[in-house]
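Read the numbers this way: they start at 1 and go in the same order the structure lists the ligands and their atoms. These numbers come from a predicted model, not from an experiment. Both backbone and side-chain heavy atoms feed into the values below; hydrogens, waters and symmetry mates do not.
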Amino acid sequence: MMLADALKAFFCNMSQWLASPMMRAVQNLETSRVPVWMMRQAGRYMSEYNAVREKYTFLELCKTPELAAEIMLTAVNKLGVDAAIIFSDILLLLEPLGLKLTFLPEGGPKILNPIQTAEDAAALPMLESAEQLDCVMQTVRLTRQGLDEIVPLIGFCGAPFTLAAYAVEGGTSRDFAKVKTFMRTCPLEWIALMKKLALSAATYLNGQILSGVQIVQIFDSWAGCLSVDDYYRFVQPYSKLLIENITPGTPVIHFAPGNPMLLPNVRDAGGNCIGVDWRIPLDKAREILGFDKAVQGNLDPSILLANRNVIRLFVKKILLQNAGKPGFVFNLGHGIMKETPVENAVAFVEAVHEFG
Ligand code: 1CP
């Protein structure tokens, strides 16, 4: 293709994304209808995913761009959602930082050489270039190529605290005792560690943006274990640092579930659109956040285990709570559960399209 043709195609596609309900909603603009997608929309509840997963480990899937792109495109086509997210994982960023990542057969992640001392934290390098995660950049390009122009592609990363929680705890935790003790007993090393994670995550997201994502989402999945004071002191400045270093002009969704008391601080850390879980009613969350912010959420994922009628009822209820205000992206308040019947996930998307 001639350069002029390529540029024309690029700008033509760009105008489609910019006009899409998803792209407008995350920027708090009026939309013709409420956009919807689901966190973890490609995953173990889907038979197509399980069929591929039988042949490869989860990490192999993440590191094989053709398969990763195919998995997400299959899910998007099946569900009819208004946005795609790259098929990857927040923990991939830890590998180029020298942390040895595996997933246990039961599904949970494990870091074989967790950060245990102040010296370990000080020795952690920064991500120098997004090309260190070239497989993810390739997944972005292939997924973007395969998507309908109107469907924006979301890139993502873990927030500094959630990445630090995995790096220090060595995997999933119930009480986050190690990471909380680290931040309180080694405050200077904590600051340095969080800055390195924030800037590495920004480099990673900016690489994804250059490779073709239109929106980025930051997952602070474990921030909800913190008090408001601890979040304010130990976490908020570094999530802010990450967000401030994202290429300007790319809308940011900031999601820190688990503790609605944190919402004002999560908002202050930044993001155009704030993720909200089901623990707080949507109208209350919007009142707290202020109507200059878009919101994403907030259906309890367990509702998708019920049936079509129940799902439709809850969709209507949440839409009523939103009261037609701009800047609403319908989503679950957390990732879809693996027990979810696929037809219920489809019924959810259809209900939002019908009533929203
Ligand atoms: O087949 C398998 O066993 C793998 C299951 C799986 C999948 C499909 C994992 C393991 N990660 C993913 C994909 C994934 N993870 C995506 C892209 C797919 C999509 O959304 O459709 C995204 C955005 C994530 C993000 C992610 N990974 C988060 C943030 C969201 C959240 O759930 O809070 C977290 C915490 C992870 C870590 C992780 N990866 C996988 C698991 C089971 C976990 C959580 C483990 C734990 O409880 O600590």
Student: When you look at Thr203 and Asn206, which way does the side-chain hydrogen bond (donor to acceptor under 3.5 Å, both in side chains) test go after all the steps?
Tutor: CA-CA 5 Å; Thr203 301; Asn206 290 337; over 6 Å; no
Student: Run the numbers on Asp300 and Ser302 for side-chain hydrogen bond (donor to acceptor under 3.5 Å, both in side chains), then give the verdict.
Tutor: CA-CA 5 Å; Asp300 182 339; Ser302 71; 2.9 Å; yes
Student: Could you tell me the residue and atom name of the protein heavy atom closest to atom 22 (C) of ligand 1, and the distance to it rounded to 0.1 Å?
Tutor: Phe156 CZ, 3.6 Å
Student: Using the rule given for side-chain contact (heavy atoms from CB on, under 4.5 Å), can you reason through Ile191 versus Tyr238, listing the C-alpha separation, both sets of side-chain angles and the distance that settles it, and then say yes or no?
Tutor: CA-CA 8 Å; Ile191 292 173; Tyr238 315 103; 3.3 Å; yes
Student: Going by distance only, is there an N or O of Trp222 that falls short of 3.5 Å from an N or O of ligand 1?
Tutor: no
Student: Can you list the atoms of ligand 1 that are under 4.0 Å from a heavy atom of Ser221?
Tutor: 29 (C), 30 (C), 31 (C), 33 (O), 35 (C)
Student: State the atoms of ligand 1, each with its element, that fall below the 4.0 Å cut-off from a heavy-atom position in Ile85.
Tutor: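 In order of number, 19 (C), 20 (O), 21 (O), 23 (C).
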Student: Decide if atom CZ of Arg53 counts as having more than 12 heavy atoms of other residues, nucleotides or ligands within a radius under 6.0 Å.
Tutor: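 Enclosed.
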Student: Does Arg40 approach ligand 1 within less than 4.0 angstrom via side chain, backbone, both or neither, non-hydrogen atoms only?
Tutor: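 Looking at Arg40 and ligand 1, atoms from backbone and side chain both fall under 4.0 Å.
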Student: Heavy-atom pairs closer than 4.0 Å: do any link ligand 1 to the side chain of Ile86, the backbone, both, or neither?
Tutor: backbone
Student: Is there any N or O on Met39 that sits under 3.5 Å from an N or O of ligand 1?
Tutor: no
Student: Are more than 12 heavy atoms, taken from residues, nucleotides or ligands other than Glu128, located less than 6.0 Å from that residue's CD atom?
Tutor: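 Not more than 12 within 6.0 Å, no.
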Student: State the atoms of ligand 1, each with its element, that fall below the 4.0 Å cut-off from a heavy-atom position in Ala42.
Tutor: 8 (C), 18 (C), 21 (O)
Student: Can you list the steps and then say if Phe348 with Phe330 is a ring pair (Phe, Tyr, Trp, His ring centres under 6.0 Å)?
Tutor: CA-CA 10 Å; Phe348 165 57; Phe330 220 132; 5.5 Å; yes
Student: Quick one: does Tyr49 get a heavy atom under 4.0 Å from ligand 1?
Tutor: yes
Student: May I ask you to identify the nearest protein heavy atom to atom 5 (C) of ligand 1, giving residue, atom name and distance to one decimal place in Å?
Tutor: Arg44 NE, 3.7 Å
Student: Is it the case that the side chain of Asn113 and the backbone of Lys100 share a donor-acceptor pair, with hydrogens and angles ignored and the cut-off at 3.5 Å?
Tutor: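 Yes: the side chain of Asn113 pairs with the backbone of Lys100.
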Student: Does Phe103 have more than 12 heavy atoms from other residues, nucleotides or ligands lying within 6.0 Å of its CZ?
Tutor: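 Yes, because the 6.0 Å sphere around CZ of Phe103 holds more than 12 heavy atoms from other groups.
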Student: List ligand 1 atoms under 4.0 Å from Tyr166, heavy atoms only on the residue side.
Tutor: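 In order of number, 35 (C), 37 (C), 44 (C), 45 (C), 46 (C), 48 (O).
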Student: Would you mind finding which of Thr162, Leu101, Asp89 brings a heavy atom closest to atom 38 (C) of ligand 1?
Tutor: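 Considering heavy atoms of Thr162, Leu101, Asp89, the nearest to atom 38 (C) of ligand 1 sits in Asp89.
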Student: Does some non-hydrogen atom of Gly107 fall short of 4.0 Å from ligand 1?
Tutor: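 The answer is yes: ligand 1 sits under 4.0 Å from a heavy atom of Gly107.
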Student: Under a 3.5 Å distance rule, please check whether Asn307 uses its side chain to pair with a backbone N or O of Val310 as donor and acceptor.
Tutor: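 Judged by distance alone, yes, a pair lies under 3.5 Å.
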Student: What atoms of ligand 1 come within less than 4.0 Å of a heavy atom belonging to Phe219?
Tutor: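 Result: 23 (C), 29 (C), 30 (C).
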Student: Could you identify the single nearest non-hydrogen protein atom to atom 7 (C) of ligand 1 and state the distance to 0.1 Å?
Tutor: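 Looking only at protein heavy atoms, the one closest to atom 7 (C) of ligand 1 is Phe58 CE1, 3.5 Å.
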Student: Write out the residue and atom name of the closest protein heavy atom to atom 46 (C) of ligand 1, then the distance separating them to 0.1 Å.
Tutor: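 Answer, as residue, atom name and distance: Thr172 OG1, 3.0 Å.
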Student: Tell me whether Lys180 is salt-bridged to Asp175, with the criterion being a basic N under 4.0 Å from an acidic carboxylate O.
Tutor: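 Looking at Lys180 and Asp175, the cut-off is not met.
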Student: Side chain, backbone, both or neither: which part of His334 comes within less than 4.0 Å of ligand 1 when only heavy atoms are counted?
Tutor: side chain
Student: When you measure from atom 21 (O) of ligand 1 to each heavy atom in Gln41, Arg53, Met46, which option holds the nearest one?
Tutor: Gln41
Student: Just to check, does Met38 reach to within less than 4.0 Å of ligand 1 when the distance is taken from its heavy atoms?
Tutor: no
Student: Start with the C-alpha distance between Leu124 and Leu99, add both sets of side-chain angles, then the distance that settles side-chain contact (heavy atoms from CB on, under 4.5 Å), and finish with yes or no.
Tutor: CA-CA 9 Å; Leu124 195 87; Leu99 293 162; 4.0 Å; yes
Student: Heavy-atom contacts with Met72 under 4.0 Å: which atoms of ligand 1 show up? List them by number with element.
Tutor: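 Contacts of ligand 1 toward Met72, numbered from 1: 19 (C), 21 (O).
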Student: For Gln217, which part has a heavy atom under 4.0 Å from ligand 1: side chain, backbone, both, or neither?
Tutor: neither
Student: Does the pair Val315 and Ile303 meet the rule for a side-chain contact (heavy atoms from CB on, under 4.5 Å), with working shown?
Tutor: CA-CA 10 Å; Val315 165; Ile303 287 166; over 6 Å; no
Student: To the nearest 0.1 Å, how far is atom 34 (C) of ligand 1 from its closest protein heavy atom, and which atom is that?
Tutor: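 Among all protein heavy atoms, the one nearest atom 34 (C) of ligand 1 is Ile90 CD1, 3.5 Å.
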Student: Ignoring hydrogens and geometry, is there a side-chain-to-backbone donor-acceptor pair from Glu169 to Lys178 under 3.5 Å?
Tutor: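 Yes, because the side chain of Glu169 sits within donor-acceptor range (under 3.5 Å) of the backbone of Lys178.
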Student: Considering Pro109, Ser88, Gly43, Ala159 one by one, which has a heavy atom nearer to atom 13 (C) of ligand 1 than any of the others?
Tutor: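 Looking at heavy atoms only, the winner is Ser88.
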Student: Evaluate the criterion side-chain contact (heavy atoms from CB on, under 4.5 Å) for residue pair Leu262 and Val228; output intermediate values, then yes/no.
Tutor: CA-CA 6 Å; Leu262 298 179; Val228 175; 4.1 Å; yes
